[in-house]
Trainee: 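There's a structure below that I have some questions on.
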Amino acid sequence: MDKKEISKILNEIATLLELNDENPFKIRAYQNAARALEASNISLGAETKIKDLEKIKGIGKKIASNIKTLIETDDLDIYQKLKQSTPEGLIDMLKIPSLGPKKIKYLYDNLDIESISELELACTENKLVNLPNFGQKTQENILKGINIVKKFTGKYLYSDFLDEAEEIFKSIKGCKYTVRASIAGSMRRKKEVIKDIDIVASTNAPRQLMDFFTKLKQAKKIIVKGDTKSSIMLQSGINVDIRTVNDEQFPYALHHFTGSKEHNTALRSLAKKNGIKINEYGLFKDGKIIGCNNEEELFNVFSMDYIPPELRENFGEIEAARNGRLPKLIEMEDIKGIFHIHTDYSDGNMSISQVCKKLIDMGMQYAGISDHSKTAAYANGVKDSEIDDYLKEMEEAESKFSGFKIFKGIESDILADGSLDYKNDILARFDFIIAAIHSSFNLSEEEMTNRMIKAIENKYTTIVAHPSGRILLARDPYKVNITRIINAAADNNVDLELNANPHRLDLDWRMLKYAKEKNVKIFINPDAHHLENLIDYRYGVYTARKGWLEKEDVINTMDSKQIADYLKKKKKEK
DNA sequence: GCCGTTTTCGGCCCGACTGTTTTCAGTCG
């Protein structure tokens, strides 16, 4: 069982404990341990010792031994017992807004309700109204919540809501009652998947600002409305939350509502050790506020450098900020060229010349064209007999656009046995090879990992595309040991892709940090099939920032001369 | 269940809002 699976089970245990009304601190201990495990660099295997696990902050004797048992037996007694005593439907019920573990437990114990459909029936039969702490309104809200669960999963792609969030934010910022405002929450932290859109604003007229907010044309429904907090639902089902404070409080509120919760908790603990209380209204020492004009000053109170929002995930940023070791994160303008582009030679809908023209307009110096290979018949992959034409057209296009460089590549399928799908003499004709999995997804973890490592060891492989194969909110990653993939890439001088398609964002930022530590270089690639997808590299830059990447970690920050040398050298040395 | 420059016991982040109550429980972030 790998780190991710074990961390998932620890989180599940926490949820199950919650539904069993356990000690809240025990619940948090399991959540913290899950997080700590995932953030750590420990690689789990038969040789993993309980002692090594205990060294991780947040994992103690008990959970260390539980993890060890999970590694060895793929199973855990308390987990099974909890699962047996807790109907699966109760976990589903947690998705219903306004319904939490306490109420779910009460309904289960007293009305035998163990699924969303049973709960819906009970509501329509009016069975909840007379229970203690329930009532007419609660019953109605639960019914509404059930409808929301049915209609939406409650999670949304960051990229799908960026524009709408910006538009709403602009309205708020332009409102005459607003002093300062910012997008906050997971959107400000550039999380790949978000639950809602958060906005923080300072004002002298909270009530008027709330009226303005709840009357926005985008608001389909008002969820809550108060003087400091309101929430509306948009047509799409996503909620926009706003929090208002007075202007002196703005920096603290912005920090607080940017989160993450885990980052805030960690910072609060640190504050507490220094005798400082921290909440959304200020930093307080001996009851007196410590004045801060902005977030920079807030961090300075703790002798910390400014932590960019993307890093606020309690992944080591607090310690790094205290030691002056925060990374100088990559910026959009660092990207000098774009790789992993599909043209009308396979399933893209743009010609090579169109790509060049568009990239030149975008200020780029080079393109790495890489159409699908022959095995990808569904994508009209380039057949052996078409290779000559494909290469020739790239050369001709390059000569048309002086000063612009085309690197000739192909996205070669990794076959089930780990070999690439062209013979070596064909692979050798390209400047770079992107190796990718597009078939046989259902191998075991061992088989899949070995398959990918074999492709990494292939002397022609330059880059491994979308290493986990996940499609956000749609398809789980393949069963693959990503730590071993990163290690193999490090050992074989192969680069990894950060696929910037907003549905992928793969390699995941949590693993990018590990790749960086292993000195594995990253390509940020849009995997573009249309001209308008070329700009998608921006989502890759955001994700790279979340993964602590600096300019030097990303290959396509090089200018065209440097990258030409880099690819040539790589080809020769491998 | 975890943790410790006061501690191996006794803490563990904090506040807004709703709906239920008539001072509070539950949920959410």
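By convention in this document, chain letters (A, B, ...) are assigned in the order of the sequence lines, proteins followed by strands, and residues within each chain are numbered from 1. Computed from a prediction, not measured in an experiment: that's the story for all the values here.
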Trainee: Without decimals, in angstroms, what is the distance between A/K61 NZ and B/dC3 C1'?
Mentor: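 Value for this atom pair: 12 Å.
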
Trainee: Using whole Å, what does the distance between atom P of nucleotide B/dC3 and atom NZ of A/K272 come to?
Mentor: 17 Å

Trainee: To the nearest Å, how far apart are A/I223 CD1 and B/dC17 P?
Mentor: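 Going from CD1 in A/I223 over to P in B/dC17 covers 15 Å.
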
Trainee: I want to check something: taking the side chain as every heavy atom from C-beta on, are A/I482 and A/S468 in contact at a cut-off of under 4.5 Å?
Mentor: yes

Trainee: Would you check if A/N264 and A/K261 make a side-chain contact, meaning some heavy-atom pair closer than 4.5 Å?
Mentor: no

Trainee: What distance separates A/L121 CG from A/T124 OG1, expressed to the nearest 0.5 Å?
Mentor: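 Answer rounded to 0.5 Å: 4.5 Å.
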
Trainee: Quick one: look up who B/dC12 pairs with, Watson-Crick or G-U, both distances under 3.5 Å, and put none if it's unpaired.
Mentor: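 Its partner is B/dG1 (Watson-Crick or G-U wobble, both distances under 3.5 Å).
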
Trainee: Applying the side chain to side chain donor-acceptor pair (under 3.5 Å) test to A/R470, which of A/N499, A/D508, A/D506 qualifies?
Mentor: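 In the set A/N499, A/D508, A/D506, the residue that makes a side chain to side chain donor-acceptor pair (under 3.5 Å) with A/R470 is A/D508.
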
Trainee: Expressed as a whole number of Å, how far does the P atom of B/dG26 sit from that of B/dT21?
Mentor: 12 Å

Trainee: Can a side chain N or O of A/K57 be found less than 4.0 Å away from OP1 or OP2 on B/dG4?
Mentor: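 Negative; the distance criterion is not met.
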
Trainee: At under 4.0 Å between heavy atoms, what does A/R243 touch on the DNA or RNA strands: base, sugar-phosphate, or nothing?
Mentor: sugar-phosphate

Trainee: Polar atom pairs between nucleotides 26-29 of chain B and protein, under 3.5 Å, N or O only, would you list them?
Mentor:
from, atom 1, to, atom 2, distance (Å)
B/dT27, OP1, A/G100, N, 2.6
B/dT27, OP1, A/G100, O, 2.9
B/dT27, OP1, A/K103, N, 3.0
B/dT27, OP2, A/K102, N, 3.1
B/dT27, O5', A/G100, N, 3.4
B/dC28, OP1, A/S98, N, 2.7
B/dG29, OP2, A/K195, NZ, 3.4

Trainee: Expressed in angstrom and rounded to an integer, what is the separation of A/L270 atom CG from B/dC3 atom P?
Mentor: 17 Å

Trainee: Between A/K273 and A/K26, which residue's closest nucleotide on DNA chain B lies nearer the 5′ terminus?
Mentor: A/K26

Trainee: Quick one: label A/N141 by what it contacts on the DNA or RNA (base, sugar-phosphate, nothing), any heavy atom closer than 4.0 Å.
Mentor: sugar-phosphate

Trainee: Of all residues at least two apart in sequence or in a different chain, which pass the side chain to side chain donor-acceptor pair (under 3.5 Å) check with A/W548?
Mentor: none

Trainee: Measure CD1/A/I242 against P/B/dA16 and give the value in whole Å, please.
Mentor: 16 Å

Trainee: Tell me what A/D227 touches on the nucleic acid: a base, only sugar-phosphate, or nothing, going by heavy atoms under 4.0 Å.
Mentor: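 A/D227: backbone/sugar contact only, no base atoms under 4.0 Å.
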
Trainee: Answer yes or no: does a side-chain N or O of A/T138 lie under 4.0 Å from OP1 or OP2 of B/dT18?
Mentor: no

Trainee: For a quick test of reading the model, state the closest non-hydrogen atom pair linking A/P467 to A/L507 and the distance between them.
Mentor: CD-N, 3.7 Å

Trainee: Give the nucleotide from the list B/dG15, B/dG1, B/dC17 with an atom nearest to the side chain of A/N279.
Mentor: B/dG15

Trainee: Of all the nucleotides listed (B/dG4, B/dG15, B/dG1), which has the minimum atom distance to the side chain of A/Y281?
Mentor: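 Comparing B/dG4, B/dG15, B/dG1 against the side chain of A/Y281, the answer is B/dG15.
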
Trainee: Looking only at atom C1', what distance separates B/dG11 and B/dT6, rounded to whole Å?
Mentor: 13 Å

Trainee: Show me the pairs that pass side-chain hydrogen bond (donor to acceptor under 3.5 Å, both in side chains) and involve residues 51-71 of chain A, at least two apart or across chains.
Mentor: A/Y30-A/N66, A/K68-A/E72

Trainee: In whole angstroms, how far is the P atom of B/dT21 from the NZ atom of A/K137?
Mentor: 14 Å

Trainee: How far, in whole Å, is B/dT7 from B/dG1 if one measures between their P atoms?
Mentor: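 These two P atoms come out 25 Å apart once rounded.
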
Trainee: Looking at B/dC12, B/dC2, B/dG19, which one has an atom nearest to any side-chain atom of A/K62?
Mentor: B/dC2

Trainee: How close or far is atom C1' of B/dG15 from atom CZ of A/F284, stated in whole angstroms?
Mentor: 12 Å

Trainee: Which whole number of Å gives the distance between the P atom of B/dT22 and that of B/dC28?
Mentor: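 That atom pair is separated by 24 Å.
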
Trainee: Of A/R189, A/R312, A/H255, which is the lone residue that meets side chain to side chain donor-acceptor pair (under 3.5 Å) with A/H263?
Mentor: A/H255

Trainee: With C1' as the reference atom in both, quote the distance from B/dC3 to B/dT8 in angstrom, rounded to an integer.
Mentor: 10 Å

Trainee: Which whole number of Å gives the distance between the P atom of B/dA25 and that of B/dT20?
Mentor: 16 Å

Trainee: For nucleotides B/dG29 and B/dT23, find the distance between their C1' atoms and express it as a whole number of Å.
Mentor: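 So the two C1' atoms sit 24 Å from each other.
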
Trainee: Could you tell me how far apart A/L53 (CG) and B/dG1 (P) are, to the nearest whole angstrom?
Mentor: 16 Å

Trainee: Which listed nucleotide (B/dC12, B/dG15, B/dT18) is nearest to the side chain of A/V224?
Mentor: B/dT18

Trainee: Where the side chain of A/N23 is concerned, which of B/dC17, B/dG1, B/dG19 is the nearest nucleotide?
Mentor: B/dG1

Trainee: Kindly assign one of parallel, tilted or perpendicular to the pair A/Y106 and A/F134, based on the angle between their ring planes and the thresholds 30° and 60°.
Mentor: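 It falls in the tilted class, 30° to 60°.
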
